[in-house]
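Comments concern the structure below.
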Amino acid sequence: MSVEPSGARAPLGRRPRTVFTAAMVLAVLVPAVIIRELMEARFGRGPMADLSAITVPVAATAWLAPYASYRRRDALLWLVGPGIYVFTVIAWRLALAPYRDWRPRPEEVPRMRWSRDPEHAGLWHLG
C-alpha cells in the first residue's frame, strides 16, 4: 500500500536524472557567461565583469537551495569557488523531487515521511 499521494510521479532513473542535472547547470552557466561577456565588452576586464558572471548562478542557487535541503546562504559559496559544486548537487537532488535520497534537515523532519512503497524503498517523501 502506497503512502505517497497519487499525484507523485515515480523517481527518475540515473540517465534522465543526469540529463536533467546537466540541463539545469547549463541553463545557469550559459546566461552567466553571456552576461560576463556583455559586461566585459561594456566596462572592460575587471571586478565588475567578474562579479557579473556569478549573478545568475547566485540567484538560481539562492532560489532553489531550500528545495534541496540547502540554505539560501549557500549561494554565497559562488564568491569563493565551490558554488558550481553546490549548484550541481542541488540540481541532482531536484531531479529526484518529490522523493529524497538524503536525510532531511532537523527543521524538515515534521514534513517528511519514510516511503513505505516497496517500489520506492529507501527514499523519503515530502508530505
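Keep in mind that this is a model prediction, so the values were computed, not measured.
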Applying the 4.5 Å side-chain criterion to the ILVMFWY set and letting contacts propagate, would [X] and [Y] be lumped into a single cluster?
| X | Y | value |
| --- | --- | --- |
| W63 | I54 | yes |
| Y67 | V86 | yes |
| L79 | V33 | no |

How close do [X] and [Y] get, heavy atom to heavy atom, and via which atoms?
| X | Y | value |
| --- | --- | --- |
| V56 | V28 | CG1-O, 3.9 Å |
| I35 | S52 | CG2-O, 3.5 Å |
| A68 | R93 | O-NH1, 2.9 Å |
| A53 | A32 | O-CB, 3.1 Å |
| G44 | A49 | O-CB, 3.9 Å |
| M48 | F43 | CG-CD1, 4.2 Å |

Is there side-chain contact between [X] and [Y], with heavy atoms separated by less than 4.5 Å?
| X | Y | result |
| --- | --- | --- |
| R72 | P66 | yes |
| L51 | T55 | no |
| L64 | F87 | yes |

For this session: Give, for atom CG of L94 and atom OG1 of T21, the distance between the pair rounded to the nearest 0.5 Å.
Result: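 Going from CG on L94 over to OG1 on T21, the span is 8.5 Å.
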Problem set entry | side-chain contact (heavy atoms from CB on, under 4.5 Å) involving I84 - partner list, sequence neighbours excluded |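 Listed in chain order: V25, L29, W78, T88.
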For this session: Not counting sequence neighbours, which residues clear side-chain contact (heavy atoms from CB on, under 4.5 Å) with L38? List them please.
Result: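 Expected list: I34.
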Exercise. Ion pair present between D50 and R45, side-chain N to carboxylate O less than 4.0 angstrom?
Worked result: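 Answer for the salt bridge query: no.
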For this session: Start with the C-alpha distance between V89 and Y70, add both sets of side-chain angles, then the distance that settles side chain to side chain contact (heavy atoms under 4.5 Å, CB included), and finish with yes or no.
Result: CA-CA 10 Å; V89 171; Y70 274 83; 3.3 Å; yes
Exercise. With distance as the sole test, does R17 use its side chain to make a donor-acceptor pair with the main-chain N or O of A95 at under 3.5 Å?
Worked result: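 Side chain of R17 to backbone of A95: no pair is present.
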